[in-house]
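Reading through the structure tokens given below for one structure.
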Amino acid sequence: MENSLTYCVVLNEEEQYSIWPHGKALPSGWRVLDISGSKAECLHYIEENWNDMRPLSLRRQLGERD
């Protein structure tokens, strides 16, 4: 059975991606990006665009040491 829900791509304060059902209230710390569609389409967008899975705070911390 195929999921017919529309999803949107969301991003948190640590620049981590996820998908969320369109129209559902977001948890604190997340914001909606201008990308929506089927679950597969949203996951494909994330796969293509999330190049560094480390949280932003860790990337900043490591960048300060270089």
Side-chain angles (χ1 to χ4, degrees):
M1 180 175 194
E2 186 158 329
N3 185 344
S4 63
L5 289 176
T6 299
Y7 290 87
C8 52
V9 177
V10 295
L11 190 69
N12 70 14
E13 297 166 345
E14 288 284 350
E15 296 186 353
Q16 297 168 309
Y17 289 83
S18 189
I19 62 171
W20 197 255
H22 184 51
K24 186 174 179 184
L26 286 173
S28 178
W30 290 86
R31 64 183 173 93
V32 176
L33 301 182
D34 193 25
I35 307 295
S36 63
S38 69
K39 184 175 186 177
E41 290 168 327
C42 291
L43 291 174
H44 178 73
Y45 175 86
I46 292 171
E47 184 178 323
E48 293 292 316
N49 291 280
W50 193 5
N51 300 315
D52 190 343
M53 298 186 92
R54 297 175 298 164
L56 178 61
S57 58
L58 177 61
R59 295 192 321 261
R60 285 181 176 160
Q61 183 182 18
L62 294 174
E64 292 174 0
R65 292 182 183 167
D66 292 341

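Residue indices begin at 1 and follow the sequence shown. What you are looking at is a predicted structure, and each value in this text was computed from that prediction instead of being measured.
- Residues R59 and E14 come closest through the heavy atom pair NH1-O, 4.3 Å.
- Contact detail for N51 and E48: the closest heavy-atom pair is OD1-O, 3.9 Å.
- In the displayed structure, E13 atom CD is contacted under 6.0 Å by at most 12 heavy atoms of other residues, nucleotides or ligands.
- When hydrophobic clusters are built by joining Ile, Leu, Val, Met, Phe, Trp and Tyr residues whose side-chain heavy atoms come closer than 4.5 Å, directly or via intermediates, Y45 is grouped together with L5.
- Nearest heavy-atom pair across L26 and V10 is CD2-CG1, 3.6 Å.
- Nearest heavy-atom pair across L33 and Y17 is CD1-CE2, 3.6 Å.
- Contact annotation: the side chain of R60 approaches that of L56 to within less than 4.5 Å [non-hydrogen atoms, C-beta and beyond].
- We find the CH2-CG distance between W30 and N12 to be 4.0 Å, quoted to the nearest 0.5 Å.
- A continuous path of ILVMFWY side-chain contacts below 4.5 Å connects W50 to I35, so both sit in one hydrophobic cluster.
- Between the side chain of W20 and the main chain of R31, no donor-acceptor pair closer than 3.5 Å is present.
- When atom types are taken as modelled, the side chain of Q16 and the backbone of P55 share no donor-acceptor pair closer than 3.5 angstrom.
- To the nearest 0.5 Å, the span separating SG on C8 from NZ on K24 amounts to 11.0 Å.
- You'll find the side chain of L43 stays beyond 4.5 Å of the side chain of Y7, heavy atoms only.
- Here the straight-line distance linking atom OG of S18 with atom CD1 of I46 works out to 6.0 Å at 0.5 Å rounding.
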